[in-house]
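The next block holds one structure in the form of structure tokens; read it before the comments.
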Amino acid sequence: MIEELSIRNVGGIASASIPLGDGLTVLTGESGTGKSSVVRALDLLGGKRSQASSIRAGQEEATVDAVLARDVSGDSPVLLARRTISRGGRNRTWLDDRAVPLSRFSSVMGERLRIQSQFAQMELLDPKRQMDILDFFGGGEARNLLGSLRKVFEEALSCERSLRSAREKGAELRRRYRDGEAILNATHGLRLSPGCDAAWEKELEAISERVGRLRRIRECLLGMTGGQSGEGLLDGLESSGLGVLREISPEERGRLESLFSHGMDLFRRFAEELRKSAGEESLQELETEEEILEKKTGILRKIRRTIGASSAEEVLDYCEEARRASEWLQEEAARSSALEEQGKSLRKEASRLAMELRRMRQGSALELEKKVNTHLENLAMGDARFSVKLTGLEKIRGSGAEEVLFTLSSGGREDLPVDRCASGGELSRILLALQLSLPGSSLPPTIIFDEVEAGLGGRAALLAGYKLLELSRRCQVVLVTHEATIASLARRHLAVWREGDSVAVRELSAEERIAEIARMLSGNESLAEAREHARKLLHTAECLSEQKDLFPKEV
């Protein structure tokens with residue numbers, strides 16, 4: 001509960017200290033005098049978003065201070081709250097003289113006060129808000145059940161998201177590494193290492209050059225010796241030499257024959273040495289080594305083309321990723337199976353909780369209808385019938401397995417959603433009836449109504465005042481109003497008026513209240529008839545304040 005409110009440089013208010021207390025407090029004044037500045041200050045106190053336009057013209061910052069009675073025991077019986085805003089956009093907030101973040105301030109103050117404007121009845125048009133109201137009415141048990149359902153539902157969703165993500169990842173890995181097993185098998189015997197492809201190419205080039213050289217030497221040697229296929233150059237040379245020696249004279253033959261024999265021996269020795277250096281065994285080894293290298297480089301090129309790699313390093317990276325992917329896929333099969341079982345269990349539990357919540361909501365709906373209609377009857381809406389309709393959904397949500405719809409029927413009309421058939425005045429009364437029907441635990445210590453009776457008049461306005469008075473017995477109620485009949489019911493009456501370029505706010509004395517209510521009745525606070533009517537209203541209100549039953553048979 002707010003005990004005192006201090007405002008500096010908010011809207012048109014330069015400085016104001018406003019005493020508040022329990023029960024019903026009203027704030028009145030001519031239109032345009034600055035009542036909205038008080039409401040704006042309360043908005044800031046409640047943690048609402050600030051705007052530079054809220055700061056008084058010519059000033060750089062605005063401050064709202066409040067002294068609130070604590071609703072729980074503590075070191076101090078009061079809570080001190082302060083909020084300062086500046087044109088530069090800086091927010092500073094304090095609780096008990098300790099600087100706190102705005103989020104913390106908003107959380108604490110949001111639990112202590114609620115502000116409802118003349119447009120607050122628009123909340124009734126929001127299906128989510130209608131559901132919240134029904135669950136508030138269900139009390140702690142309903143909220144605990146809803147909390148359990150939301151937790152299980154979120155766990156089920158998380159389980160499904162994990163399973164879906166795993167399946168998507170698995171599909172992507174299988175697509176990306178569809179040839180992974182074959183490539184791993186193919187690379188197993190290659191003994192790849194970084195840079196091996198370039199080394200192999202260089203080594204293959206050198207071996208190929210040596211093989212080619214040896215083959216050319218062998219071809220030349222075969223030409224010289226003839227091999228097993230026939231005569232070679234040496235055979236022909238020997239035959240030709242012997243033929244020449246036979247044709248020359250004996251004298252010359254002896255000398256030349258020795259030279260010829262020595263020459264042929266040298267040629268044969270030369271051929272033998274060539275044969276040894278280009279031996280069959282050495283060439284076969286090189287050809288085998290060349291074949292192995294050609295096969296390895298061929299396999300590596302094919303792998304690189306298949307996976308789009310440009311080097312052995314990239315092939316090695318791919319193989320490591322493929323191995324990890326294969327391991328992940330094997331492990332994920334077991335994990336996915338466990339997730340599927342967990343998901344089934346969570347969905348089953350969510351279904352159970354949703355059905356239990358539905359049964360509770362069905363019971364709460366009947367009780368809420370009964371209480372709201374009782375209040376509406378006292379608000380001159382006895383011919384109207386308020387209903388809470390539950391419609392089942394095909395799928396369970398975190399909020400349950402049904403939707404909630406508030407309907408209204410009157411004068412024999414069929415039930416229609418409140419947004420299609422209720423007038424502004426009817427919506428105001430329905431909202432007030434709902435506030436009165438909710439359990440005390442759902443009400444904040446302070447509720448501020450900003451012209452919530454807009455659209456009402458005469459007897460309907462008076463009955464709305466009685467209901468506000470009834471609500472003020474459960475929590476602190478501050479009402480900004482233009483209705484004299486409602487203003488007369490208040491325990492405390494604050495008035496707003498302009499003094500030059502500033503706005504003044506002050507609690508009225510008993511005589512000042514008569515003048516203010518007379519002004520509200522007739523526009524002229526000096527009119528005798530209006531002042532007499534004001535006195536009667538205040539006297540009636542004083543009598544009512546002592547009654548437990550605010551709704552006698554005739555009002």
Side-chain angles (χ1 to χ4, degrees), residues 179 181-319:
D179 300 318
E181 187 175 352
I183 289 172
L184 285 172
N185 291 334
T187 58
H188 181 69
L190 293 181
R191 299 182 181 277
L192 297 179
S193 62
C196 68
D197 46 352
W200 289 352
E201 293 284 352
K202 187 175 181 181
E203 186 179 356
L204 179 60
E205 183 179 353
I207 290 175
S208 297
E209 184 179 347
R210 288 179 62 193
V211 167
R213 187 169 63 251
L214 288 175
R215 284 174 178 169
R216 289 191 296 273
I217 290 172
R218 287 192 63 199
E219 288 176 1
C220 292
L221 184 61
L222 286 173
M224 293 172 64
T225 62
Q228 295 179 357
S229 60
E231 292 185 356
L233 290 174
L234 287 178
D235 293 328
L237 180 61
E238 184 178 23
S239 176
S240 297
L242 291 173
V244 169
L245 288 174
R246 283 193 297 270
E247 296 297 329
I248 62 176
S249 63
E251 296 83 13
E252 292 178 317
R253 184 186 307 162
R255 182 176 59 84
L256 291 175
E257 189 174 31
S258 176
L259 288 173
F260 176 72
S261 296
H262 181 66
M264 287 302 299
D265 287 340
L266 289 175
F267 268 116
R268 288 189 181 95
R269 286 173 59 190
F270 172 69
E272 181 63 21
E273 291 298 323
L274 280 179
R275 187 187 66 76
K276 289 179 180 179
S277 64
E280 185 68 23
E281 184 177 343
S282 176
L283 180 59
Q284 285 180 351
E285 290 175 357
L286 284 174
E287 286 176 339
T288 300
E289 191 174 346
E290 180 184 41
E291 183 180 355
I292 291 172
L293 275 173
E294 284 178 341
K295 185 176 181 181
K296 288 169 66 175
T297 55
I299 292 172
L300 183 56
R301 288 193 198 101
K302 184 177 179 181
I303 291 172
R304 282 167 51 179
R305 285 195 303 270
T306 301
I307 65 175
S310 60
S311 65
E313 287 86 345
E314 292 184 12
V315 174
L316 286 168
D317 290 342
Y318 173 91
C319 290

message: Could you check whether any side-chain N or O of Thr288 sits under 3.5 Å from a backbone N or O of Gln284, counting only pairs where one atom can act as donor and the other as acceptor?
response: yes
- line: Rounded to the nearest 0.5 Å, the OH atom of Tyr318 sits from the CG atom of Asp179 at a distance of 6.0 Å
message: I need the Ser239 OG to Leu234 CG distance, nearest 0.5 Å.
response: 12.5 Å
- prompt: Is Phe267 atom CZ crowded by more than 12 heavy atoms from other residues, nucleotides or ligands, each under 6.0 Å away?
  reply: no
query: How many angstroms lie between atom CG of Leu214 and atom CD of Glu209, to the nearest 0.5 angstrom?
result: 11.0 Å
message: side-chain contact (heavy atoms from CB on, under 4.5 Å), that's the test. Do Leu274 and Ile217 meet it? Break it down for me.
response: CA-CA 8 Å; Leu274 280 179; Ile217 290 172; 4.2 Å; yes
Show the atom names and distances, to 0.1 Å, of all donor-acceptor pairs under 3.5 Å that link a side chain in residues 186-196 to residues at least two apart or in another chain.
{"from": "Thr187", "atom 1": "OG1", "to": "Ile183", "atom 2": "O", "distance (Å)": "2.9"}
{"from": "Thr187", "atom 1": "OG1", "to": "Leu184", "atom 2": "O", "distance (Å)": "3.1"}

For the student: nearest non-hydrogen atoms of Ala312 and Asp197, plus distance: N-OD2, 3.0 Å
Shortest non-hydrogen contact from Thr225 toward Ala271: CG2-CB, 3.9 Å
- prompt: Which atoms form the tightest heavy-atom contact between Leu283 and Arg218, and what is the distance?
  reply: CD2-NH1, 3.4 Å
statement: Heavy atoms of Ser208 and Glu290 approach each other most closely as OG-OE2, 2.8 Å
Minimum heavy-atom distance Glu314-Gly308, with the two atoms named: OE1-O, 4.1 Å
field: Listed partners of Arg210 passing side-chain hydrogen bond (donor to acceptor under 3.5 Å, both in side chains), at least two apart
entry: none
query: When rounded to the nearest 0.5 angstrom, what distance separates CZ in Arg253 from OG in Ser258?
result: 14.0 Å
Side chains of residues 294-303: which donor-acceptor pairs under 3.5 Å do they make with residues two or more places apart or in other chains?
{"from": "Thr297", "atom 1": "OG1", "to": "Leu293", "atom 2": "O", "distance (Å)": "2.9"}
{"from": "Thr297", "atom 1": "OG1", "to": "Glu294", "atom 2": "O", "distance (Å)": "3.0"}
{"from": "Arg301", "atom 1": "NE", "to": "Glu201", "atom 2": "OE2", "distance (Å)": "3.4"}
{"from": "Arg301", "atom 1": "NH2", "to": "Glu201", "atom 2": "OE1", "distance (Å)": "3.3"}
{"from": "Arg301", "atom 1": "NH2", "to": "Glu201", "atom 2": "OE2", "distance (Å)": "2.7"}

- request: Find out whether Asp265 and Arg268 are in side-chain contact, i.e. whether some heavy atom of one side chain is under 4.5 Å from a heavy atom of the other.
  value: yes
- prompt: Rounded to the nearest 0.5 Å, how far apart are CG of Leu256 and OG of Ser249?
  reply: 8.5 Å
